[in-house]
2 protein chains.
Amino acid sequence: MDRRPTIADVAKLAGVSRSAVSFALNGRPGISEDTRERILAAARELGWQPSRPAQALSRGRAGALGLVLSREPGAIGADAFFPAFIAGVESVLAERGDALVLQVTGPGDEEAVYRRLASDRRVDGVLLTDLRVDDPRPALTTELGLPAVVVGDADGAHGLCAVSLDDRPAFAAAVHRLADLGHRRIAHVAGPQEFRHARRRRQSWEQAMREAGLPPGPVLPGGFTAAGGASATRELLGLGPDRPTAVVYANDLSATAGLAVAQQRGLAVPGDLSVVGYDDTPLAAYTHPPLASARADAQGWGAAAARALDEVIDRGRADDVELAPAELRPRASIGPAPA
Amino acid sequence: MDRRPTIADVAKLAGVSRSAVSFALNGRPGISEDTRERILAAARELGWQPSRPAQALSRGRAGALGLVLSREPGAIGADAFFPAFIAGVESVLAERGDALVLQVTGPGDEEAVYRRLASDRRVDGVLLTDLRVDDPRPALTTELGLPAVVVGDADGAHGLCAVSLDDRPAFAAAVHRLADLGHRRIAHVAGPQEFRHARRRRQSWEQAMREAGLPPGPVLPGGFTAAGGASATRELLGLGPDRPTAVVYANDLSATAGLAVAQQRGLAVPGDLSVVGYDDTPLAAYTHPPLASARADAQGWGAAAARALDEVIDRGRADDVELAPAELRPRASIGPAPA
DNA sequence: CCTCGGCACTAAACCGCTTCAGTTGCATCC
DNA sequence: GGATGCAACTGAAGCGGTTTAGTGCCGAGG
């Protein structure tokens, strides 16, 4: 008995037909309560679970969602967002025993990956993250008839359902707080501007600056990386007497690196320079000084995205979802502007 | 024409039987070069790809590997290892168009997840990571007939193929370097000792201490977390005049938090305290001071594990793999012992 | 008493691919 | 010139489920 049990074994053991087993398993009517229990008992006894490939084939439904990560292999570990996001997706899928299929790819063959995913029938839909400006993927998935949901705001979603989370309140809170503390020159170290979320964070910062009646300070590219954050900070600190007294970074990684650069230069944080990150990584509360940051519920985001995608798959469409906005976690890296 | 093309459509277009298409696709003999090309052209024209569920069903092979992450949802983002590891796994799978199926679960229902995975037929094998002491999973997968590979050393692998990476050289290098710099009291902030890799890192540190002729200093639990690293460090620094002059942490997260605690106390790093991490996270080179750490090739590890698991699936077994050991990246957080 | 409807269940087709056992046509060999 | 062999292909069964179209039985209604 090397072979795993099939539905036929269960049927034989329970003394019914294969279809009866299928009906019982899927809670269909037309099976008496007695029989249903006998069948389920038989299944339990044999340790039988329906074969997913077989189910997928006959139902025309893979029972899996796809997530394509297209990043440089090196940068892949830098992001605390994805693990939490994925955990959220899983929390929804796990209920139904569905799975998440992950594909990691370079930016180059992204399109091919989606095409394969679409004709492969391995997933029922995909989550689109890290949307870029002029991202071809929304149109592509539509063309391919592959259900998709955009993780991020509706701009550029091309009519797809978008599950978004507003980061403006967090940037507004940070900038206003800094303004209240007397800062007038507040810089931004931005993420790669080909990404919509990076661009949006930058815009959120700009808008907050305008609201606070401050001239938008210098914006430097930080690439979401530690190296980028460090070199942007070096440049900012080299600006002379008019250098910014506060920097709002696009993420914690570049912010933490910036923090270190400032300290390496002998500057006190927040005495000489205030610093704000974004993401509220596990480390943020434990840097020296603790890094003010913004907390977005990545896990909730994943769960919401998975639910939305489910709905798109089932009903063809779903309403956009707006999650609770990111919240500023003020910490000691923010202080009064230097005199 | 809403329906996606099937092998029958390709066969019709190419004017051959369905089996011919299958043969051509899978590079089997018995199809002339001409016909093969005609078939492939037809497939290309229709944009046809074989349905994975159908292939899986008839081949009895899912064409997917499973990875179960059982972590607290909160801790999930803290680890830079997994994203890189997963990228490595993918690099192997992508060649064949195979996929990685991810399951995230709490430690509680781990066993159920593996049981389901085994009878589900959704994956052909699983990668076992984060092995614990007395981990039930190796025995469980063996019992279930689910091919598996242990990511980590062979201890506790229960006869399964293990893909390991020696961290001893890195700890030895760190401790010896510290010893050479005059440090005599070197502490260790350990990871959760129920994990074999955490335990092993601790042992590596101990062994290195013995080799250096030093009495193993205090060992405190750091839980691989920032909070744990911070509180362990606070405790170490409270030990009075005999407090350690150097701390070797089990990972970068706790080390970075420890660094911050020391600085918060007004201690200079490395002037008053030397600090070493492990993992060489993207941030390590950009902290203040840059954090000495040990670099393990997580991506290569993932790739090797995937290849080993493939072999186990195909041939029933595979030889253990020993990867290039982790290497110390000495950085400015290490310095001469205080006078 | 006969028919009718509905419940509980079965038989068989079907999902899309792989694969094994043939079948055909053609060159080869004695 | 008939057996032999081989390359190139076809037909049909099978993978393990789901689903549709029945079938048999029983109680109710006229």
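Residue numbers start from 1 in every chain, and the chains themselves are labelled A, B, ... in the order their sequence lines are given, proteins ahead of strands.
Salt-bridge check for A/Asp314 with A/Arg61: passed, with a basic side-chain N closer than 4.0 Å to an acidic carboxylate O. Salt bridge B/Glu37/B/Arg44: absent, no basic N to carboxylate O contact under 4.0 Å. Salt bridge B/Asp319/B/Arg317: present, at least one basic N to carboxylate O contact under 4.0 Å. Between A/Arg96 and A/Asp310 a salt bridge is recorded (basic side-chain N to carboxylate O distance below 4.0 Å).
When the P atom of D/dT10 is taken as reference, atom CD1 of B/Ile7 falls 12 Å away, rounded to whole Å. As rounded to whole Å, 14 Å separates atom C1' of D/dC15 from atom CG of A/Asp9. In this structure, CZ of B/Arg121 is placed 19 Å from P of D/dG14, rounded to the nearest angstrom. Between B/Asp34 atom CG and D/dA7 atom C1' there is a gap of 14 Å when expressed in whole angstrom units. In this structure, CD of A/Gln55 is placed 7 Å from C1' of D/dG17, rounded to the nearest angstrom. The interatomic distance linking B/Lys12 (NZ) with D/dG11 (P) rounds to 14 Å, in whole Å. The interatomic distance linking A/Arg61 (CZ) with D/dG16 (P) rounds to 23 Å, in whole Å. In this entry the distance linking CZ of B/Arg28 with P of C/dC17 reads 16 Å, nearest Å.
Taking the side chain of A/Phe23 as heavy atoms from C-beta on, and the options D/dT20, D/dG17, D/dT10, the nearest nucleotide is D/dT20. Considering only the side chain of B/Ser17, D/dT10 comes nearest among D/dG16, D/dT10, C/dG16.
Using a 4.0 Å heavy-atom distance criterion, B/Gln49 is classed as a sugar-phosphate-only contact. Within the 4.0 angstrom heavy-atom criterion, only backbone atoms of the sugar-phosphate kind lie near B/Val16; the bases stay farther away. In this structure, B/Ser32 reaches the sugar-phosphate backbone alone: every heavy-atom distance under 4.0 Å involves primed, P, OP1 or OP2 atoms, never a base. Across all strands, A/Gly60 comes closer than 4.0 Å to no nucleic acid atom at all (heavy-atom distances). Using a 4.0 Å heavy-atom cutoff across all strands shown, B/Ser22 reaches at least one base atom of the nucleic acid.
Map B/Arg59 and B/Arg38 each onto its nearest nucleotide of DNA chain D; the residue landing nearer the 5' end is B/Arg38. Both B/Thr35 and B/Ala54 lie near DNA chain D, and the one whose nearest nucleotide falls closer to the 5' end is B/Thr35. The nearest heavy atom of DNA chain C to A/Arg18 and to A/Ile31 marks one nucleotide each, and the one closer to the 5' end goes with A/Ile31.
Side-chain nitrogen and oxygen atoms of A/Ser19 include none within less than 4.0 Å of the OP1 or OP2 phosphate oxygen of C/dA11. For A/Trp48 and D/dG16, the shortest distance from a side-chain N or O to OP1 or OP2 is not below 4.0 Å.
Remark: the backbone N or O of B/Arg28 is not paired with any side-chain donor or acceptor of B/Asn26 at under 3.5 angstrom.
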